[in-house]
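Take a look at the structure below.
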Amino acid sequence: MSNKTLFEELKSNLAASNWDIRKKWAQSIVLECIPINSFYPLLTENKKTATRFLWLLSDIASENKGVIYDDLPTLLKLSDSITHVDMKLAFTRLWQLCGVPVENESEAIELLFSYLISREIDVTPKSRALFVLVGLTNKYPELKNELKQTLLIERDKNTTDFRNRADKILSKL
């Protein structure tokens, strides 16, 4: 399938897609080595299409994280101009799957800590942010104390699952 044909199919059908069909599209994109940037215009479509495209990016990363990794810095820059969907929140999953590119680490650290302390963010992205931050503390041990302090404050302000996860991480830090 050509890039243009797939783009048109995604533009027409992504908003109503389910996980099964997105998985097939992700597999096609990976197998055919289709550049991710050819699909960036989908982010400017309606909110549902843009959201499903972000989910598709996660599906692609699940198939082969290397396909997405090099695009992450560009996507993060692009997220500043996308206002109809919270694109930055999708990075908790993308960074969890792919890792954080070096050029995005400082912004990622700030963003992920802000998600941990936010009352507006659901527990799933908070948990993803936590996993990414733990990975970053392995690279930057000086972050461990800040992460410990944040978890001690936040552990009881969230769900039981989050508290249990935080306790496990605290015992390892």
Side-chain angles (χ1 to χ4, degrees), residues 3 6-7 10 14 19 22-23 25-45 47 49-118 120-151 154 162 165-166 168-169 172-173:
N3 295 15
L6 182 56
F7 177 84
L10 292 174
L14 199 54
W19 181 83
R22 283 193 308 276
K23 178 112 172 122
W25 287 328
Q27 289 170 338
S28 292
I29 290 166
V30 169
L31 287 173
E32 297 176 31
C33 301
I34 300 173
I36 302 304
N37 63 0
S38 61
F39 302 113
Y40 289 177
L42 293 169
L43 290 165
T44 62
E45 294 293 321
K47 183 176 181 171
T49 298
T51 299
R52 297 298 192 285
F53 176 66
L54 293 171
W55 295 355
L56 178 62
L57 289 176
S58 294
D59 297 332
I60 294 167
S62 294
E63 289 291 318
N64 182 335
K65 65 182 179 180
V67 172
I68 297 288
Y69 185 81
D70 290 341
D71 283 87
L72 291 177
T74 303
L75 286 165
L76 188 60
K77 280 183 187 173
L78 188 59
S79 71
D80 291 329
S81 63
I82 304 296
T83 57
H84 63 290
V85 64
D86 190 351
M87 193 170 160
K88 287 195 187 217
L89 198 57
F91 280 90
T92 60
R93 179 73 173 143
L94 294 171
W95 288 330
Q96 182 185 20
L97 292 167
C98 301
V100 180
V102 172
E103 59 265 45
N104 294 142
E105 287 177 341
S106 63
E107 187 174 353
I109 290 166
E110 184 178 321
L111 189 63
L112 295 168
F113 271 109
S114 74
Y115 287 160
L116 279 182
I117 63 173
S118 173
E120 314 301 314
I121 303 296
D122 291 333
V123 73
T124 299
K126 282 185 181 206
S127 294
R128 290 174 181 158
L130 181 56
F131 291 131
V132 176
L133 282 168
V134 167
L136 288 167
T137 62
N138 294 329
K139 187 173 182 181
Y140 301 105
E142 62 274 15
L143 287 175
K144 285 183 182 181
N145 284 336
E146 186 176 354
L147 184 56
K148 282 181 191 177
Q149 293 304 313
T150 302
L151 286 178
E154 296 300 319
F162 184 88
R165 194 169 294 123
K168 285 180 186 176
I169 289 169
K172 292 177 183 177
L173 292 174

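The analysis underlying the following values was restricted to heavy atoms, covering all of them including side chains, and did not include hydrogens, waters or symmetry mates. This is a predicted model, so every value here is computed, not measured. When a residue number appears, it is its place in the shown sequence, counting from 1.
The two atoms that bring Leu97 and Ser62 nearest to each other are CD1-OG, 3.8 Å, heavy atoms only. Closest approach of Tyr69 and Gly99 over heavy atoms only: CE1-O, 3.9 Å. Of all heavy-atom pairs between Ile34 and Ser28, the closest is CD1-O, 4.4 Å. Contact detail for Val85 and Ile82: the closest heavy-atom pair is CG1-CG2, 3.5 Å. Residues Met87 and Ser79 share a closest heavy-atom pair of SD-CA, 3.6 Å.
For Asp86, the side-chain contact (heavy atoms from CB on, under 4.5 Å) test picks out Lys88, Leu89, Tyr115, with sequence neighbours left out. Here Ser118 pairs with Glu120, Ile121 under the side-chain contact (heavy atoms from CB on, under 4.5 Å) rule; sequence neighbours left out.
Environment of CD in Glu142: crowded, with over 12 heavy atoms of neighbouring residues, nucleotides or ligands closer than 6.0 Å.
Expressed to the nearest 0.5 Å, how far CD of Glu32 lies from CG of Leu6 amounts to 7.5 Å. The distance from atom OG1 of Thr92 to atom CG of Leu130, rounded to the nearest 0.5 Å, is 11.5 Å. Atom CG of Asp71 and atom CD1 of Ile60 lie 9.0 Å apart (nearest 0.5 Å). Atom CZ of residue Arg93 and atom CG of residue Asp59 lie 8.5 Å apart, to the nearest 0.5 angstrom. Separating the OG atom in Ser38 from the CG atom in Asn3 is a distance of 4.5 Å, to the nearest 0.5 Å. Interatomic distance, OG1 of Thr49 versus NZ of Lys47, reported as 12.5 Å (0.5 Å rounding).
Residues Phe91 and Val132 form no side-chain contact, since every pair of their non-hydrogen atoms from C-beta on lies 4.5 Å or further apart.
Phe7 and Phe39 have parallel rings, their planes meeting at less than 30° on a 0 to 90° scale where 60° marks the start of perpendicular.
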